[in-house]
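Note: hydrogens, waters and symmetry copies are ignored here, and every other heavy atom, side chains too, is used.
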Amino acid sequence: MKDTRLRFCTPRRGIAVLLLVGTLMFALSPSAQATVYWGSRGAEVRSVQTKLKQWGYYDGAVDGVFGQGTYDAVVRFQRKNGLAVDGVAGPATLAAMGISSGSAVAASTSSSSSYSSDVELLARLIYGEARGEPYVGMVAVGAVVLNRVKSSQFPNTIAGVIYQSGAFDAVSDGQINMTPNEQSRRAARDAMNGWDPTGGCLYYYNPSTATSSWIWSREVRLTIGDHSFAV
(Lines give C-alpha, C1' and ligand atoms only; values in the text may rest on other atoms or scores of the structure.)
Protein backbone atom coordinates (compact mmCIF):
# COMPACT_ATOMS: atom_id res chain seq x y z
CA MET A 1 0.00 0.00 0.00
CA LYS A 2 1.32 3.44 -0.97
CA ASP A 3 2.38 5.62 1.97
CA THR A 4 0.30 8.81 1.76
CA ARG A 5 1.51 10.39 4.96
CA LEU A 6 2.87 13.90 4.76
CA ARG A 7 6.64 14.13 4.78
CA PHE A 8 8.58 17.15 5.98
CA CYS A 9 12.10 18.20 5.17
CA THR A 10 14.64 18.14 7.92
CA PRO A 11 15.55 21.67 9.09
CA ARG A 12 18.88 21.58 7.23
CA ARG A 13 17.29 20.33 3.99
CA GLY A 14 14.43 22.83 4.34
CA ILE A 15 16.87 25.75 4.64
CA ALA A 16 18.78 24.55 1.61
CA VAL A 17 15.57 24.34 -0.45
CA LEU A 18 14.49 27.82 0.63
CA LEU A 19 17.89 29.25 -0.25
CA LEU A 20 17.79 27.58 -3.67
CA VAL A 21 14.28 28.88 -4.40
CA GLY A 22 15.21 32.36 -3.18
CA THR A 23 18.31 32.42 -5.37
CA LEU A 24 16.33 31.36 -8.44
CA MET A 25 13.61 33.94 -7.77
CA PHE A 26 16.23 36.70 -7.38
CA ALA A 27 18.03 35.66 -10.55
CA LEU A 28 14.79 35.69 -12.52
CA SER A 29 13.36 38.91 -11.08
CA PRO A 30 13.37 42.02 -13.32
CA SER A 31 15.28 44.06 -10.76
CA ALA A 32 18.01 41.44 -10.51
CA GLN A 33 18.32 41.27 -14.27
CA ALA A 34 18.50 45.05 -14.43
CA THR A 35 21.31 45.53 -11.89
CA VAL A 36 24.81 45.91 -13.29
CA TYR A 37 27.96 46.63 -11.36
CA TRP A 38 31.76 46.36 -11.46
CA GLY A 39 32.69 43.25 -13.46
CA SER A 40 29.33 42.93 -15.25
CA ARG A 41 29.37 42.37 -19.00
CA GLY A 42 26.82 42.41 -21.77
CA ALA A 43 23.82 44.25 -23.15
CA GLU A 44 22.84 46.05 -19.95
CA VAL A 45 26.33 47.50 -19.57
CA ARG A 46 26.39 48.67 -23.20
CA SER A 47 23.07 50.44 -22.65
CA VAL A 48 24.40 52.19 -19.55
CA GLN A 49 27.63 53.19 -21.29
CA THR A 50 25.74 54.49 -24.32
CA LYS A 51 23.47 56.71 -22.20
CA LEU A 52 26.32 58.01 -20.05
CA LYS A 53 28.41 58.74 -23.13
CA GLN A 54 25.56 60.66 -24.79
CA TRP A 55 25.23 62.84 -21.70
CA GLY A 56 28.94 63.45 -21.22
CA TYR A 57 29.49 61.40 -18.07
CA TYR A 58 31.53 58.69 -19.82
CA ASP A 59 34.27 58.99 -22.42
CA GLY A 60 35.43 55.39 -22.69
CA ALA A 61 34.62 52.66 -25.19
CA VAL A 62 31.08 51.25 -25.39
CA ASP A 63 32.39 47.72 -24.94
CA GLY A 64 29.90 46.14 -22.55
CA VAL A 65 32.49 45.78 -19.78
CA PHE A 66 31.76 47.49 -16.44
CA GLY A 67 35.16 48.69 -15.22
CA GLN A 68 36.66 51.75 -13.56
CA GLY A 69 35.56 54.23 -16.23
CA THR A 70 31.95 53.02 -16.20
CA TYR A 71 31.89 52.97 -12.40
CA ASP A 72 33.17 56.56 -12.18
CA ALA A 73 30.60 57.68 -14.76
CA VAL A 74 27.74 56.00 -12.88
CA VAL A 75 28.87 57.71 -9.66
CA ARG A 76 28.91 61.10 -11.39
CA PHE A 77 25.44 60.48 -12.82
CA GLN A 78 24.07 59.39 -9.45
CA ARG A 79 25.56 62.39 -7.66
CA LYS A 80 24.20 64.80 -10.27
CA ASN A 81 20.70 63.30 -10.16
CA GLY A 82 20.24 62.93 -6.40
CA LEU A 83 20.47 59.13 -6.40
CA ALA A 84 22.19 56.86 -3.89
CA VAL A 85 25.87 57.12 -4.81
CA ASP A 86 27.13 53.54 -4.84
CA GLY A 87 28.47 53.07 -8.38
CA VAL A 88 25.91 50.32 -9.01
CA ALA A 89 23.41 50.71 -11.84
CA GLY A 90 20.44 49.26 -10.00
CA PRO A 91 16.73 49.69 -10.77
CA ALA A 92 16.53 53.32 -9.56
CA THR A 93 19.62 54.42 -11.48
CA LEU A 94 18.55 52.56 -14.62
CA ALA A 95 15.08 54.10 -14.39
CA ALA A 96 16.65 57.56 -14.14
CA MET A 97 18.57 56.75 -17.33
CA GLY A 98 15.40 55.60 -19.06
CA ILE A 99 16.61 52.01 -19.22
CA SER A 100 14.45 49.01 -18.33
CA SER A 101 15.51 45.38 -18.37
CA GLY A 102 13.29 44.74 -21.37
CA SER A 103 14.59 47.69 -23.35
CA ALA A 104 18.27 47.04 -22.73
CA VAL A 105 18.70 44.44 -25.44
CA ALA A 106 16.98 46.68 -27.99
CA ALA A 107 19.05 49.66 -26.89
CA SER A 108 22.19 47.57 -27.08
CA THR A 109 21.27 46.36 -30.57
CA SER A 110 20.69 49.95 -31.65
CA SER A 111 23.96 50.99 -30.02
CA SER A 112 25.81 48.14 -31.75
CA SER A 113 24.37 49.16 -35.11
CA SER A 114 25.31 52.80 -34.50
CA TYR A 115 28.81 51.78 -33.42
CA SER A 116 29.29 49.72 -36.60
CA SER A 117 28.13 52.62 -38.77
CA ASP A 118 30.52 55.00 -37.00
CA VAL A 119 33.41 52.57 -37.43
CA GLU A 120 32.70 52.23 -41.14
CA LEU A 121 32.40 56.00 -41.70
CA LEU A 122 35.57 56.70 -39.71
CA ALA A 123 37.37 53.93 -41.62
CA ARG A 124 36.34 55.54 -44.91
CA LEU A 125 37.77 58.87 -43.79
CA ILE A 126 41.00 57.23 -42.60
CA TYR A 127 41.30 55.37 -45.90
CA GLY A 128 40.71 58.54 -47.88
CA GLU A 129 43.01 60.72 -45.79
CA ALA A 130 45.78 58.42 -44.57
CA ARG A 131 46.14 55.24 -46.59
CA GLY A 132 49.83 54.63 -47.13
CA GLU A 133 50.70 56.29 -43.82
CA PRO A 134 52.17 54.29 -40.91
CA TYR A 135 49.49 52.43 -39.00
CA VAL A 136 49.87 54.69 -35.96
CA GLY A 137 49.35 57.65 -38.29
CA MET A 138 46.08 56.15 -39.51
CA VAL A 139 44.88 55.74 -35.93
CA ALA A 140 45.98 59.32 -35.24
CA VAL A 141 43.74 60.65 -38.03
CA GLY A 142 40.80 58.80 -36.48
CA ALA A 143 41.73 60.17 -33.06
CA VAL A 144 41.63 63.74 -34.37
CA VAL A 145 38.04 63.18 -35.50
CA LEU A 146 37.09 61.83 -32.06
CA ASN A 147 38.89 64.68 -30.30
CA ARG A 148 36.79 67.09 -32.33
CA VAL A 149 33.61 65.25 -31.31
CA LYS A 150 34.57 65.83 -27.66
CA SER A 151 35.46 69.50 -28.24
CA SER A 152 32.83 72.24 -27.93
CA GLN A 153 34.36 73.88 -31.02
CA PHE A 154 33.05 71.16 -33.36
CA PRO A 155 29.90 69.10 -34.01
CA ASN A 156 29.30 66.42 -31.39
CA THR A 157 28.93 63.40 -33.68
CA ILE A 158 31.42 61.57 -35.88
CA ALA A 159 29.31 62.20 -38.98
CA GLY A 160 28.91 65.87 -38.06
CA VAL A 161 32.67 66.33 -37.70
CA ILE A 162 33.54 64.45 -40.88
CA TYR A 163 30.97 66.20 -43.05
CA GLN A 164 31.55 69.68 -41.62
CA SER A 165 32.06 71.94 -44.61
CA GLY A 166 35.68 72.13 -45.75
CA ALA A 167 36.97 70.03 -42.87
CA PHE A 168 38.53 67.13 -44.81
CA ASP A 169 39.88 66.84 -48.35
CA ALA A 170 38.62 63.26 -48.62
CA VAL A 171 35.05 64.56 -48.33
CA SER A 172 35.64 67.43 -50.77
CA ASP A 173 37.19 65.24 -53.46
CA GLY A 174 34.91 62.24 -52.99
CA GLN A 175 37.43 59.78 -51.60
CA ILE A 176 35.16 59.38 -48.57
CA ASN A 177 33.00 57.18 -50.80
CA MET A 178 35.75 54.64 -51.45
CA THR A 179 35.57 51.23 -49.78
CA PRO A 180 38.05 51.11 -46.88
CA ASN A 181 40.41 48.20 -46.34
CA GLU A 182 40.58 46.10 -43.18
CA GLN A 183 43.57 48.05 -41.90
CA SER A 184 41.53 51.25 -42.02
CA ARG A 185 38.67 49.57 -40.15
CA ARG A 186 41.07 48.29 -37.52
CA ALA A 187 42.54 51.78 -37.13
CA ALA A 188 39.03 53.20 -36.74
CA ARG A 189 38.20 50.67 -34.02
CA ASP A 190 41.47 51.37 -32.20
CA ALA A 191 40.74 55.10 -32.24
CA MET A 192 37.17 54.59 -31.04
CA ASN A 193 38.41 52.32 -28.26
CA GLY A 194 40.53 55.13 -26.87
CA TRP A 195 43.94 55.00 -28.55
CA ASP A 196 45.02 58.59 -29.23
CA PRO A 197 48.62 58.78 -30.52
CA THR A 198 48.23 62.57 -30.86
CA GLY A 199 47.63 63.35 -27.20
CA GLY A 200 44.51 65.39 -27.90
CA CYS A 201 45.28 67.14 -31.20
CA LEU A 202 42.41 68.69 -33.14
CA TYR A 203 44.13 69.24 -36.49
CA TYR A 204 46.53 67.55 -38.89
CA TYR A 205 47.95 68.50 -42.27
CA ASN A 206 50.61 67.57 -44.78
CA PRO A 207 53.22 70.39 -44.80
CA SER A 208 54.16 69.48 -48.38
CA THR A 209 50.67 70.07 -49.75
CA ALA A 210 48.87 72.37 -47.28
CA THR A 211 47.73 75.64 -48.85
CA SER A 212 45.85 77.21 -45.94
CA SER A 213 47.84 79.94 -44.21
CA TRP A 214 45.64 79.50 -41.13
CA ILE A 215 46.67 75.90 -40.52
CA TRP A 216 50.31 76.93 -40.35
CA SER A 217 49.44 79.09 -37.34
CA ARG A 218 48.49 76.07 -35.23
CA GLU A 219 50.92 74.66 -32.66
CA VAL A 220 52.37 71.41 -33.97
CA ARG A 221 52.72 68.77 -31.27
CA LEU A 222 54.13 65.86 -33.29
CA THR A 223 54.69 64.48 -36.78
CA ILE A 224 53.72 60.98 -37.88
CA GLY A 225 54.60 60.00 -41.43
CA ASP A 226 53.66 62.87 -43.74
CA HIS A 227 51.23 64.50 -41.31
CA SER A 228 51.81 67.17 -38.69
CA PHE A 229 49.36 67.04 -35.76
CA ALA A 230 48.46 70.29 -34.05
CA VAL A 231 46.21 72.02 -31.53
Calculate, to the nearest 0.5 Å, the distance between atoms CG and CD belonging to D169 and Q175 respectively.
8.5 Å

Side chains of T35 and P91 in contact at under 4.5 Å (non-hydrogen atoms)
yes

Go through the steps for I224 and L222 under the test side-chain contact (heavy atoms from CB on, under 4.5 Å), then give the verdict.
CA-CA 7 Å; I224 305 174; L222 75 161; 3.8 Å; yes

Residue list, ring-ring contact (aromatic ring centres under 6.0 Å, His included) with F168, at least two apart or on another chain
none

Verify, without hydrogens or angle tests, whether E133 (side chain) and M138 (backbone) share a donor-acceptor contact under 3.5 angstrom.
no

My understanding is that a hydrophobic cluster links ILVMFWY residues whose side chain heavy atoms are under 4.5 Å apart, including indirect links. Using that, what else belongs to the cluster containing V88?
Y37

Just to verify, what does R221 make a salt bridge (charged side-chain N to carboxylate O under 4.0 Å, His left out) with, not counting sequence neighbours?
E219

Going by the rule salt bridge (charged side-chain N to carboxylate O under 4.0 Å, His left out), which residues pair with R189 if we only count those two or more places apart in sequence or in a different chain?
E182

Any chance you could measure T209, atom OG1, to N206, atom CG, to the nearest 0.5 Å?
3.5 Å

Using the test side chain to side chain donor-acceptor pair (under 3.5 Å), find all partners of Q78 that sit at least two apart in sequence or belong to another chain.
D86, T93

Is V45 reachable from W38 through a run of I, L, V, M, F, W or Y residues, each pair having side-chain heavy atoms under 4.5 Å apart?
yes

Residues 122-158 vs ring pair (Phe, Tyr, Trp, His ring centres under 6.0 Å), sequence neighbours excluded, gives none

How long is the span from the OG atom in S47 to the CG atom in L52, to the nearest 0.5 Å?
10.5 Å

Salt bridge (charged side-chain N to carboxylate O under 4.0 Å, His left out) pairs, two or more places apart, involving residues 59-79:
none

Could you list the residues that satisfy side-chain contact (heavy atoms from CB on, under 4.5 Å) with Q54, not counting sequence neighbours?
T50, K51

Can you give the donor-acceptor pairs under 3.5 Å from side chains of residues 155-165 to other protein atoms, not counting sequence neighbours?
{"from": "T157", "atom 1": "OG1", "to": "G160", "atom 2": "N", "distance (Å)": "2.9"}
{"from": "Y163", "atom 1": "OH", "to": "R124", "atom 2": "NH2", "distance (Å)": "3.3"}

V62 backbone acceptor or donor facing K53 side chain under 3.5 Å
no

Gap separating the CD atom of E120 from the CG atom of L125, nearest 0.5 angstrom
12.0 Å

Please examine the side chains of V231 and R218, heavy atoms only from C-beta on, and report whether any two atoms are closer than 4.5 Å.
no

Going hydrophobic residue to hydrophobic residue with side-chain gaps under 4.5 angstrom, can you get from L83 over to V36?
yes

Strictly by ring pair (Phe, Tyr, Trp, His ring centres under 6.0 Å), give each pair with a member in residues 40-69 just once, sequence neighbours left out.
W55-F77, Y57-F77

Euclidean distance, E129 CD relative to L122 CG, rounded to 0.5 Å:
11.0 Å

Would you mind writing out the side-chain donor-acceptor pairs for residues 145-152 within the sub-3.5 Å range, not counting sequence neighbours?
{"from": "N147", "atom 1": "ND2", "to": "A143", "atom 2": "O", "distance (Å)": "3.3"}
{"from": "N147", "atom 1": "ND2", "to": "D196", "atom 2": "OD2", "distance (Å)": "3.1"}
{"from": "N147", "atom 1": "ND2", "to": "C201", "atom 2": "O", "distance (Å)": "2.9"}
{"from": "R148", "atom 1": "NE", "to": "L202", "atom 2": "O", "distance (Å)": "2.7"}
{"from": "R148", "atom 1": "NH2", "to": "L202", "atom 2": "O", "distance (Å)": "3.0"}
{"from": "S151", "atom 1": "OG", "to": "Q153", "atom 2": "N", "distance (Å)": "3.1"}

Considering only residues two or more places apart or on different chains, which pairs with a residue in residues 177-210 satisfy ring pair (Phe, Tyr, Trp, His ring centres under 6.0 Å)?
Y203-W214, Y204-H227, Y204-F229, Y205-W216

